[in-house]
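These numbers come from the heavy atoms of this one structure, side chains and all, not from hydrogens, waters or symmetry mates. Quick caveat, the model's predicted, so the values are computed rather than measured. Throughout, residue positions are numbered sequentially from 1 according to the sequence presented.
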Amino acid sequence: MGADPATPHILHLHSGFNLGGKEARAIRLMNIWGHRARHSIVSGDPDAMGARSVIESSIQCDFPGETAPSLRGRPSLSRYRRLARFMAGFDLVLTYNWGAMDAVMAHRMFAPFKRMPPLIHHEDGFNRDEAERLKPQRNLFRRAALARAHALVVPSKRLQTIALSDWHQPARRVHLIPNGIDVSAYAMAPQPDAIPGFARAPGKTVIGTVAGLRAVKNLPRLVRAVAPLADKVQLVIVGEGPEHDAIARQASDIGFDGLCLPGFLPEPWKYIGLFDIFALSSDSEQFPISLIEAMAAGLPVVSPAVGDVMDMVAEPNRPLIRAKGDEVALASGLAPLVADPEKRHRIGQANRDKAGSCYDEADMVSRYAALYGRAMGRPDALMTG
């Protein structure tokens with residue numbers, strides 16, 4: 001039986017589709033909306049498709065990687081024409097991050113001459129090449145490409161400021177929708193064996209993080225920050241990506257044998273509660289979903305002051321948010337938490353309370369449903385109740 005033509009068909013164009021914050025959010029929305037939409041997903045990196053395993057089997061979803069034009073390549077009129085022709089067959093186009101910006105430009109160029117669906121672009125942060133400073137040529141390209149976009153969605157106040165100032169986007173086009181999660185799922189106690197290959201050592205404190213293993217996350221820095229506490233801690237880094245070997249090599253080089261790299265694990269609510277402390281070491285973040293997950297699980301957080309992290313955590317946790325790029329400060333934030341279980345519990349409970357009051361997914365889901373529905377001229381298409 002073919003797909004119901006009355007069901008909106010949404011095209012997702014991702015820079016890569018391994019599980020990270022933007023992928024987790026997109027898949028969560030897809031899973032919640034169920035039969036209300038069908039989806040096609042294209043990854044700019046054909047080998048980065050690890051997140052597809054998290055999509056529920058009942059979701060109408062395909063991956064037209066072989067028939068879709070590549071999101072990568074040199075700008076050219078013929079390439080943009082192919083992208084525009086491909087996008088034209090959908091009811092809504094959703095693009096994500098810089099890696100999909102060529103598709104945004106193709107849409108902008110051909111919309112005046114060809115019937116094109118509405119396009120909504122999402123910016124969730126930057127890779128290492130723009131972690132310290134935005135590239136002026138990319139700012140100009142974004143500014144031009146977004147001129148005909150229906151909306152630009154950002155999850156953080158910092159990205160909202162960048163969109164308005166550096167990218168010169170009109171305020172009516174920019175939508176700040178903070179990330180949210182199913183906070184109640186994190187109340188359950190995890191099974192001790194929920195992380196493959198990991199077993200808690202007696203008397204050890206578990207420091208953990210969940211991240212794509214990419215250079216911008218600077219996870220070798222976290223290994224170095226934890227190393228002075230080696231006799232007291234274990235470190236668990238959940239995720240997959242090209243930096244896996246560099247992280248393992250850093251641990252080996254400094255003689256730290258308490259590292260566990262279990263790879264990608266779906267359903268973080270099943271295991272993140274095994275951590276005692278959640279740590280970030282990134283050069284750039286915006287509004288990390290993994291941090292909200294850690295807060296919902298009742299964990300204290302040690303992190304550089306990147307993106308909206310300082311505002312996200314509860315007030316008692318803010319002294320543990322350290323200067324960006326300061327490895328010594330990161331280590332000094334971890335040490336007192338390792339030494340004081342009561343302090344960990346007190347700060348973690350404050351984070352849990354804030355996650356419950358501020359970051360539950362219901363508001364996020366309804367705002368995305370309303371925005372996407374309005375763009376398609378079908379305001380109730382994705383509403384769940």
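- Taking the side chain as every heavy atom from C-beta outward, I32 and E361 approach each other to under 4.5 Å.
- Follow the hydrophobic side-chain contacts under 4.5 Å out from V42 and you never reach L94; the two are in separate clusters.
- Judged as a ring pair (Phe, Tyr, Trp, His ring centres under 6.0 Å), and not counting sequence neighbours, the contacts of F287 are Y359.
- Closest of all the heavy-atom pairs between R142 and M101 is CG-CE, 3.8 Å.
- Put simply, the side chain of Q234 gets close to the backbone of A199: a donor and an acceptor are under 3.5 Å apart.
- In terms of heavy atoms, L29 sits closest to M364 at CD2-CE, 4.3 Å.
- Annotation: side-chain contact (heavy atoms from CB on, under 4.5 Å) contacts of E342 (sequence neighbours excluded): D340, R346.
- The hydrophobic clustering, which links ILVMFWY residues whose side-chain heavy atoms are closer than 4.5 Å, places V174 and L146 together.
- Hydrophobic clustering of Ile, Leu, Val, Met, Phe, Trp and Tyr side chains at less than 4.5 Å, counting indirect connections, unites V233 with L261.
- Counting only distance, with no hydrogens or angles, the side chain of H107 and the backbone of L83 share no donor-acceptor pair below 3.5 Å.
- Between the OG atom of S252 and the CD1 atom of I247 there is a distance of 14.0 Å, given to the nearest 0.5 Å.
- Looking at Q191 and K270, their side chains never come closer than 4.5 Å, going by heavy atoms from C-beta outward.
- The main-chain N or O of L219 is never found under 3.5 Å from a side-chain atom of E243 such that the two would form a donor-acceptor pair.
- Here ring pair (Phe, Tyr, Trp, His ring centres under 6.0 Å) pairs that include residues 131-171, with residues two or more places apart or in two chains, are W98-F141.
- In this view, P341 and R344 satisfy the side-chain contact (heavy atoms from CB on, under 4.5 Å) rule, not counting sequence neighbours.
- Between the side chain of N97 and the main chain of D124, a donor-acceptor pair closer than 3.5 Å is present.
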Are L11 and L92 close enough, and set up right, to give a side chain to side chain contact (heavy atoms under 4.5 Å, CB included), and what steps lead you there?
CA-CA 6 Å; L11 173 64; L92 177 66; over 6 Å; no
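- In the hydrophobic clustering of ILVMFWY residues, with side-chain heavy atoms under 4.5 Å counting as a link, V236 and L229 come out apart.
- Interatomic distance, M383 CE to R36 CZ, rounded to the nearest 0.5 Å: 10.5 Å.
- The salt bridge (Lys or Arg N to Asp or Glu O under 4.0 Å) check on K22 picks up nothing, with sequence neighbours excluded.
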Open item on the list: The test is side chain to side chain contact (heavy atoms under 4.5 Å, CB included); show your working for E23 and R28 and say whether it passes.
Closed with: CA-CA 8 Å; E23 294 83 8; R28 181 61 179 159; over 6 Å; no
Donor-acceptor pairs are to be reported for all side-chain atoms of residues 321-330 against protein atoms at under 3.5 Å, with residues two or more places apart or in another chain.
from	atom 1	to	atom 2	distance (Å)
R322	NE	P319	O	3.0
R322	NH1	A329	O	3.2
R322	NH1	S332	OG	2.8
K324	NZ	A131	O	3.3
K324	NZ	D283	O	3.2
D326	OD1	V328	N	3.2
D326	OD1	A329	N	3.0
E327	OE1	R224	NE	3.2
E327	OE1	R224	NH2	2.9
E327	OE2	R224	NE	2.9

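- What you find for M376 and D91 is that their closest heavy atoms are CG-O, 3.7 Å.
- Side-chain atoms of H14 and S43 include no donor-acceptor pair closer than 3.5 Å.
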- request: For R74 and R79, run side chain to side chain contact (heavy atoms under 4.5 Å, CB included): C-alpha distance rounded to whole Å, both residues' side-chain angles, the deciding distance at 0.1 Å, then the answer.
  value: CA-CA 8 Å; R74 299 181 69 85; R79 181 166 162 264; over 6 Å; no
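- Between V302 and L337, some side-chain heavy-atom pair lies under the 4.5 Å cut-off.
- Within the 3.5 Å criterion, the main-chain N or O of D353 finds a donor-acceptor partner in the side chain of S357.
- Counting heavy atoms from C-beta on, the side chains of I207 and F275 never come closer than 4.5 Å.
- Between C61 and I55, the closest heavy-atom pair is SG-CD1, 4.1 Å.
- Note that CG of L320 and NZ of K343 are 5.5 Å apart. Values are rounded to the nearest 0.5 Å.
- At a cut-off of 3.5 Å, with distance as the only test, no side-chain donor of E293 or S290 sits close to an acceptor on the other residue.
- Note that the CG atom of L280 and the CG atom of N218 stand 11.5 Å from one another [nearest 0.5 Å].
- For N351 (side chain) and V313 (main-chain N/O), no donor-acceptor pair under 3.5 Å exists by modelled atom type.
- Using a 4.5 Å heavy-atom threshold, the side chains of N18 and M49 count as separate.
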**Request:** Any chance you could lay out the side chain to side chain contact (heavy atoms under 4.5 Å, CB included) test for D182 and W269, step after step, and finish with the verdict?
**Result:** CA-CA 9 Å; D182 180 7; W269 58 88; over 6 Å; no
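- Taking every heavy atom of both residues into account, P220 and Q250 meet most closely at O-CG, 3.8 Å.
- Q60 contributes atom CD, which lies 10.5 Å from atom CE of M30 (distance to the nearest 0.5 angstrom).
- Under the rule for a side-chain contact (heavy atoms from CB on, under 4.5 Å), the partners of A296 that lie at least two apart in sequence or sit in another chain are I181, V183, Y186, A355.
- Atom CG of D231 has more than 12 heavy atoms from other residues, nucleotides or ligands within 6.0 Å.
- One hydrophobic cluster, built from ILVMFWY side chains closer than 4.5 Å, holds both F278 and M310.
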Distance-only donor-acceptor hits, side chain of residues 62-72, under 3.5 Å, sequence neighbours excluded:
from	atom 1	to	atom 2	distance (Å)
D62	OD1	S40	OG	2.9
D62	OD2	S40	OG	3.1
T67	OG1	P64	O	3.3
S70	OG	R72	N	3.0
S70	OG	R72	O	3.1
R72	NE	G44	O	3.3

Under 3.5 Å, sequence neighbours excluded: what are the donor-acceptor pairs made by side chains of residues 152-159?
from	atom 1	to	atom 2	distance (Å)
S156	OG	L159	N	3.1
S156	OG	Q286	OE1	3.0

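- The stretch residues 199-215 participates, sequence neighbours left out, in these side-chain hydrogen bond (donor to acceptor under 3.5 Å, both in side chains) pairs: N127-R214, R200-D276.
- For the atom pair CD1 (I272) and CD (E267), the distance works out to 13.5 Å, reported to the nearest 0.5 Å.
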I'd like a table of donor-acceptor pairs (distance under 3.5 Å, sequence neighbours excluded) in which one partner is a side-chain atom from residues 366-374, with atom names and distances.
from	atom 1	to	atom 2	distance (Å)
S366	OG	A362	O	3.3
S366	OG	D363	O	2.9
R367	NH2	L176	O	2.5
Y368	OH	R25	NE	3.3
Y372	OH	H122	NE2	2.7

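- For M109, the side-chain contact (heavy atoms from CB on, under 4.5 Å) partners are L77, Y80, M105, not counting sequence neighbours.
- At a threshold of 4.5 Å between non-hydrogen side-chain atoms, the residues V238 and Y271 count as touching.
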